[in-house]
Structure formats: C-alpha cells, structure tokens
There are 2 protein chains.
Amino acid sequence: MPVADRRRRERANRHDLILAAARNLAEAEGWEAVTTRRLAELVEYSQPVLYSHFAGKDAIVRAVAIEGFADLAAILREARLSADDPQLALRAICSAYLNFAAERPALYQAMFVMPTDVKFASEDTPQPLKAGFGEFVCALGPFDRHPDLRAEVTWAALHGLAVLRRGGRIPPERQEERIDLLVSQVVNDRRD
Amino acid sequence: MPVADRRRRERANRHDLILAAARNLAEAEGWEAVTTRRLAELVEYSQPVLYSHFAGKDAIVRAVAIEGFADLAAILREARLSADDPQLALRAICSAYLNFAAERPALYQAMFVMPTDVKFASEDTPQPLKAGFGEFVCALGPFDRHPDLRAEVTWAALHGLAVLRRGGRIPPERQEERIDLLVSQVVNDRRD
DNA sequence: ACATATCATCTAGCAGTGCTAGATTTTACT
DNA sequence: AGTAAAATCTAGCACTGCTAGATGATATGT
C-alpha cells in the first residue's frame, strides 16, 4: 500500500506547514492575528482542513508551544556548555533564557503564558520540556544540594522578568544588572 | 443646577456598579465570561450604556485593575508593618503578595498579565501602584543600598511564582519553601 | 398646562471569531 | 468507464466587541 504511505507523508507535511504558518504569523503579528480563516488562507486550504489535523485553535497553539520547548532546551544547553565556570554557566543560561523570550515573544507566550494542559513537572511531561528544566537543574547543582526547588524559583524569576518586560511593566534599561543580581543572589546563598 | 448634580451622582454610581459587576463576574467565572452582553444584563442596562461610561471592554478591565492596585498596596503595607524584624517583614510582604494573587486570580490577571497601557515606573504611574511598589522598596531597603533594582527582581520572582502556579506550570506543593528560598537569597546577598 | 428641545436609552445590525454539518469534488480501484 | 471511498469545500451557526439610528424620558420656556 504505497498509496497510504504517500497520503500519510502528505498529511504530515501539511501538519508541519500549518504549524509553521501559525508560528510565523503569530511571531509577525501576534496571536490575536492568528485566526482560523487567515491560517487557512496562508496554507491555501479551507478552514475545515485545519480541524482534520488539530482539534481546534488551542491544539494548534499547544503544538507550536511543544516545538518551542525543544528549541529552548537546545539553546539553554548550548549556553550552559559554552561556559566552564559554574557561575558563568548560570549567568549564560539566564541570559539565554531572557534572550529567547525577547526574540520570540509569541512562541514564548504559547509556551509559558497561554492556558495549556501540558503537564509540567510530572511523568508525562514532554521530554524537551523536561530537558529544558533539567538545564536549570544542572546549572544550579553546584550551588544547591537540592537544585529542583532552586531551579523552580530561578525559572520563576526569569519568567517574571520576561513577561513584565514584554508587557511594559518594567523598563527596558538595566536588564543586564537584573540578571547579575539574580545570579549573585544564587551564588551567595549556597546550600551544599 | 441641582439636577445636573444628581445626574452626575447617578452616573458615578452606575460607573461603580459596572466595575463591581465586571470584577465579580471575572472572579467567579474568569475574564472570558465577561462579555459586554452579560455585563449589560447584570447591571440591567443595554450594551451601549457601557460604552457611555467606558471606551470599550479593555477600558473596563483597566479600571478594574486600577482598583486592584489600591487593594494590593494596602495589603502589602499592612503585611510589612505587622512585622518588626526586617527579614520577617520581607517574608510577610512576599507571602501577602502571593496570597493576593492566589485569592483574586482574575483581579491579579487584570493588573499584571493582561495588556495594559498603564504606565509602570514613570511619572504618570497611578499613585496606588507606586505605593505598592514602594512597599517592596521599603522592605528591601535594609538589605540593599539601591533597593529599586532589588525590588524589581523580587517582584518579578513573585510574579513568576504567581502566574506559573496559577497556570499549573509549577506544582502547588512547597510554595512556602519557595518563599523561604526567595527571602533567604535576598538576606544572604546584602548590598549595603 | 402644554409644546419643545435635549438628553438618555434601546433596538437592531455589522463585521469579525471558532467551529461544523452536509454538499461536492477528487482519487483509487475494479 | 463506473463506482466506492476519501478528501475537501461551501455555507452557516452561535458567539464576540462595538455602533448608527430610532425611541423614549425629562427638563425648560411660554
């Protein structure tokens, strides 16, 4: 049945095409511009085709978010490995995280702001998400015997900085100083 | 012109009535349930009346948010003053902030998550918002010669914990330990 | 007391949203 | 070529925020 194989391939291609279109449109004009009509027009199919691939608009956002988890994990890993000193590694991870959020605000929003039913911190957490969090755990290991809680708090602080900055609720200046302070607070309150 | 006075009074009452209805409905069923139709029905007027008070739905959300800033500032102030030791005061403020976010999630969302054009950290910042931030600055003064940046980072961390918790992205357990860690990181990295 | 002018309010509708049932076309196999 | 099945589209529903124009109530001048 090579015909069914081809069908599956074509469907998979279109699946990816939809996700890429959604992601690009969101990044270019924000998620409020991503309507099922515009998305259908972009992929040159009618709206119901979208629903043959995804349960609804929310499912599309979720799928884009999961792609983002993999991107972020890779970026964090690279940042951590590019520095040899533990403190510099922590600094690099924090900086990379905030850069990711600032450069791909729509993707970041899908991953960490919009409502989701993705399980965080559980057995059935998507592997790339686990990996991303694991980077924080690794980077914090040198400073804490139980780095999980420390990773949660550090991640929360970075997330707060990211979303408050993007919402215009903290000023754009001095962001580097904020990262320095964050890192300083970790390395000066060791638990090992 | 006592008639015009009465008119103004009645309008002001209805203004508040609309805001109270919006806030209650949002708190009970979330902001997605706050439609202009339901809101109009609740206040027993037709939709256009809402638009004679507010420029649009966004303006209503903003007005609710500004009410919330005053509430939060009062709560933070009380928390800070209820403890005499600086470390306990900081602990109390952090705890009160997260309680506020957890107990009034919709109000908190209007204040700190939804898009807004309220100016933060500027001359024309609403006074109650300045006051709230000022509480953090006061609480952090004993630990930092330049408490403004420290207040931003601490606030960001708390905000991160609040929204990630509410979104189900960090587990509900051990929230107290997270606060302890946050406070510990501040008091063990003094800048004075 | 009545007509008038002004103000307040409502009805009805527009353009947009996510989503879907049913008609229609395209595809694959006999 | 004819048919069954699969894929796709058209057209529409119920909802959203918002508004123009009709309708109503109210205060003022004679």
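Below, chains carry the letters A, B, ... as their sequence lines are ordered, and counting in each starts from 1.
Residue I60(A) contributes atom CD1, which lies 9 Å from atom P of dG18(C) at whole-angstrom precision. Per the geometry, OH belonging to Y51(A) stands 4 Å off P belonging to dC19(C), to the nearest Å. When rounded to the nearest whole Å, the span between CG of L39(B) and C1' of dC15(D) equals 16 Å. For the pair E10(A) CD and dA7(D) C1', the computed distance is 11 Å after rounding to whole Å. Nucleotide dG17(D) holds its C1' atom 16 Å from the CD atom of E32(B), rounded to whole Å. Rounding to whole angstrom units, CD of residue E44(B) and P of dC10(C) are separated by 11 Å. Rounded to whole Å, the distance from CG on L50(A) to P on dC9(D) is 10 Å. When rounded to the nearest whole Å, the span between NE2 of H53(A) and C1' of dC9(D) equals 14 Å.
As judged by a 4.0 angstrom heavy-atom cut-off over every strand, R14(A) is placed among residues touching the sugar-phosphate backbone only. Contacts of S46(B) with the nucleic acid, taken as non-hydrogen atoms under 4.0 Å apart, include base atoms.
Paired with C94(A) under the rule side-chain contact (heavy atoms from CB on, under 4.5 Å), one option of I179(A), L161(A), N99(A), V186(A) passes, and it is I179(A).
Ring planes of F120(A) and F69(A): perpendicular class, angle over 60° (limits at 30 and 60°).
Applying the 4.0 Å criterion to OP1 and OP2 of dG18(C), one finds that R37(A) has every side-chain N and O outside that range. For T35(B), a side-chain nitrogen or oxygen approaches OP1 or OP2 of dT16(D) to under 4.0 Å.
A distance of 9.5 Å separates CD in E32(A) from CG in L25(A), rounded to the nearest 0.5 Å.
Listed nucleotides dG18(C), dT9(C), dC18(D) differ in distance to T36(A); the shortest reach to its side chain belongs to dG18(C). The nucleotide whose nearest atom lies closest to any side-chain atom of P48(A) is, among dT20(C), dT19(D), dC19(C), dT20(C). Closest to the side chain of Y45(A), from the set dC10(C), dC18(D), dT8(D), is dT8(D).
With hydrogens and angles left out, the side-chain atoms of S184(B) and D180(B) include no donor and acceptor closer than 3.5 Å.
When the shell of 6.0 Å around CD of E41(A) is examined, it contains 12 or fewer heavy atoms from other residues, nucleotides or ligands.
For Q47(B) against dC18(D), a side-chain N or O and a base N or O form a donor-acceptor pair under 3.5 Å.
For R38(A) and A55(A), each mapped to the nucleotide of DNA chain C holding its nearest heavy atom, the one lying further toward the 5' end belongs to R38(A).
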